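Structure first, commentary second.
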Amino acid sequence: PPTTLPPVVVCNEDAPYTLPWGDQAGVTGLFEHTYQSYQGCDSVVRQNVTVKAPILRFLPPQTVCAGSCVTICGEEYCDAGAQTHVCESYQGCDSIISFSILIIEPIAEIIPGGVLSCANPSVVLGSAPSPGAKIWRAPSGVVLGTGNNLTVTQPGIVILTVTASAGGTQCVATDTIEVIGNTTPPAVSATGGFLGCGNAQAQLNATTNASGPAYAWGPPAGLSATNIPNPLASLPGVYTVTVTDASNGCTGTAAVTVTGNTDPPLATATGAVITCAA
């Protein structure tokens, strides 16, 4: 009678299977071979071979933040695009897993806008192009604005948060900048003088700690000049000097009073008679 060998199960990647008599079995089936027995009769040997179908699995797109990876069967994949990995199934056969990786990379990069000053009371902070929503906050968490730009009128710390989402994954990036302000007004002092009949003009003087100062005296009536630190005043009254600091555009003022007394003194005279005797 025919001899039936134990059945064989072969993984697809191991096919074809070499039958005991040397033939190749690449598909599932019952295979047999006829030998001649020692008695000169036919001896039929059979074997049932099962070739398992390939195990293919397609995962949904994997979404990760920049710098993160996807782990498949203990191996990490960190690059965007289509990927294929071979795992061993519970049956000991290869399981081919196909998937794709989408990397979310929000960019938080603040572009400075300059220094706040009296001449420049506001600066505009910009940001580098990036996917996602942009929110500008103070360190306390108060929202200062949204979008690509932020107009700032006060010095201090500003934090930009960029949030991008896809495939149920949310990625966040932040950047911080300190806005510098220089709005200190210059210190200004001034001195005046006295007008009299023998002193027809009074010397005014202004002193300041301003850098590259510009002077403006007023009112102009009675002044020899209005744009110098030490003009001459020919009329009594109150004069005000405004000094502008060239480094920040801030101004400081000082006032000085010029007094005068040009009233002539009262004078009287009496005569006498000159004679030969006196």
Side-chain angles (χ1 to χ4, degrees), residues 1-110 127-135 146-148 159-176:
T3 299
T4 301
L5 300 178
V8 174
V9 178
V10 180
C11 296
N12 184 267
E13 66 272 11
D14 295 330
Y17 167 72
T18 301
L19 295 161
W21 49 88
D23 291 345
Q24 301 290 314
V27 295
T28 297
L30 179 63
F31 300 88
E32 63 179 35
H33 181 75
T34 302
Y35 290 96
Q36 187 177 38
S37 70
Y38 70 95
Q39 298 171 327
C41 300
D42 288 346
S43 175
V44 177
V45 179
R46 295 172 178 171
Q47 188 171 42
N48 196 346
V49 177
T50 301
V51 178
K52 288 189 168 295
I55 302 174
L56 303 177
R57 185 180 179 188
F58 296 91
L59 300 180
Q62 307 294 300
T63 305
V64 297
C65 299
S68 299
C69 301
V70 175
T71 302
I72 302 295
C73 295
E75 184 170 343
E76 290 188 338
Y77 288 84
C78 306
D79 297 328
Q83 309 286 347
T84 300
H85 184 78
V86 177
C87 299
E88 183 177 343
S89 71
Y90 71 96
Q91 299 170 323
C93 297
D94 287 348
S95 175
I96 301 175
I97 300 178
S98 297
F99 58 98
S100 63
I101 297 177
L102 173 64
I103 295 179
I104 306 174
E105 188 173 6
I107 299 172
E109 180 182 345
I110 300 175
S127 60
S130 172
K134 298 179 179 180
I135 300 179
T146 59
N148 294 324
I159 302 170
L160 171 63
T161 301
V162 182
T163 304
S165 302
T169 300
Q170 185 178 79
C171 304
V172 179
T174 61
D175 191 20
T176 301

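Just so it is clear, the structure is predicted and the values come from calculations on it, not from any experiment. Position 1 is the first residue of the sequence; numbering continues from there.
For Tyr35 and His33, the distance between ring centers is under 6.0 angstrom.
For Asn148, the side chain to side chain donor-acceptor pair (under 3.5 Å) test picks out Lys134, with sequence neighbours left out. Not counting sequence neighbours, the partners of Phe99 by the ring pair (Phe, Tyr, Trp, His ring centres under 6.0 Å) test are Tyr77. With sequence neighbours excluded, the residues satisfying side-chain contact (heavy atoms from CB on, under 4.5 Å) with Thr169 are Thr63, Cys65, Ile104, Cys171. By the salt bridge (charged side-chain N to carboxylate O under 4.0 Å, His left out) test, Glu75 is found to be paired with no residue, residues two or more places apart in sequence or in another chain being considered. Not counting sequence neighbours, the partners of Lys52 by the side-chain contact (heavy atoms from CB on, under 4.5 Å) test are Val9, Gln91, Cys93.
When each of Val44, Thr4, Leu5 is checked for a side chain to side chain contact (heavy atoms under 4.5 Å, CB included) with Glu32, only Val44 meets the rule. Only one option out of Leu56, Ile72, Ile55, Thr84 pairs with Ile97 in a side chain to side chain contact (heavy atoms under 4.5 Å, CB included); it is Ile72.
Scanning both residues, Cys73 and His85, for their nearest heavy atoms gives CB-NE2, 3.6 Å. Listed here is the closest heavy atom pair of Val162 and Ser130: CG1-OG, 3.5 Å. Across all their heavy atoms, Ala15 and Gly26 have their closest contact at CB-O, 4.2 Å. The two residues Glu105 and Ala66 have their closest heavy-atom pair at CG-CB, 3.6 Å. Closest heavy-atom contact between Pro20 and Gln47: CD-OE1, 3.1 Å. When all heavy atoms are compared, the tightest approach of Ala25 to Val51 is O-CG2, 4.3 Å.
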Query raised in the report: Taking it one step at a time, do Glu88 and Ser95 satisfy side chain to side chain donor-acceptor pair (under 3.5 Å)?
Result: CA-CA 6 Å; Glu88 183 177 343; Ser95 175; over 6 Å; no
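You'll find the side chain of Thr163 stays beyond 4.5 Å of the side chain of Ile135, heavy atoms only. Taking the side chain as every heavy atom from C-beta outward, Ile101 and Asp79 never approach each other to under 4.5 Å. Contact of the Ile103 side chain with the Val64 side chain is registered, since non-hydrogen atoms from C-beta on lie closer than 4.5 Å. For the pair Leu160/Ser127, a side-chain contact is recorded, criterion being any heavy-atom separation below 4.5 Å from C-beta on.
Although no hydrogens or angles enter the test, the distance criterion places no donor-acceptor pair under 3.5 Å between the side chain of Glu76 and the main chain of Cys69. Using a distance-only test at 3.5 Å, with no hydrogens or angles considered, a donor-acceptor pair links the side chain of Gln62 to the main chain of Pro60. In this structure a side-chain-to-backbone donor-acceptor pair under 3.5 Å is missing from Thr176 to Ile159. At least one donor-acceptor pair under 3.5 Å links the side chain of Asp175 to the backbone N or O of Ile110.
Counted by atom type alone, Gln83 and Ser100 present zero donor-acceptor pairs between their side chains at under 3.5 Å.
In this structure, CZ on Arg46 lies 13.5 Å from CZ on Phe31, to the nearest 0.5 angstrom.
Sorted by first and then second residue, the disulfide bond (SG atoms under 2.5 Å apart) pairs involving residues 20-54 (not counting sequence neighbours) form an empty list.
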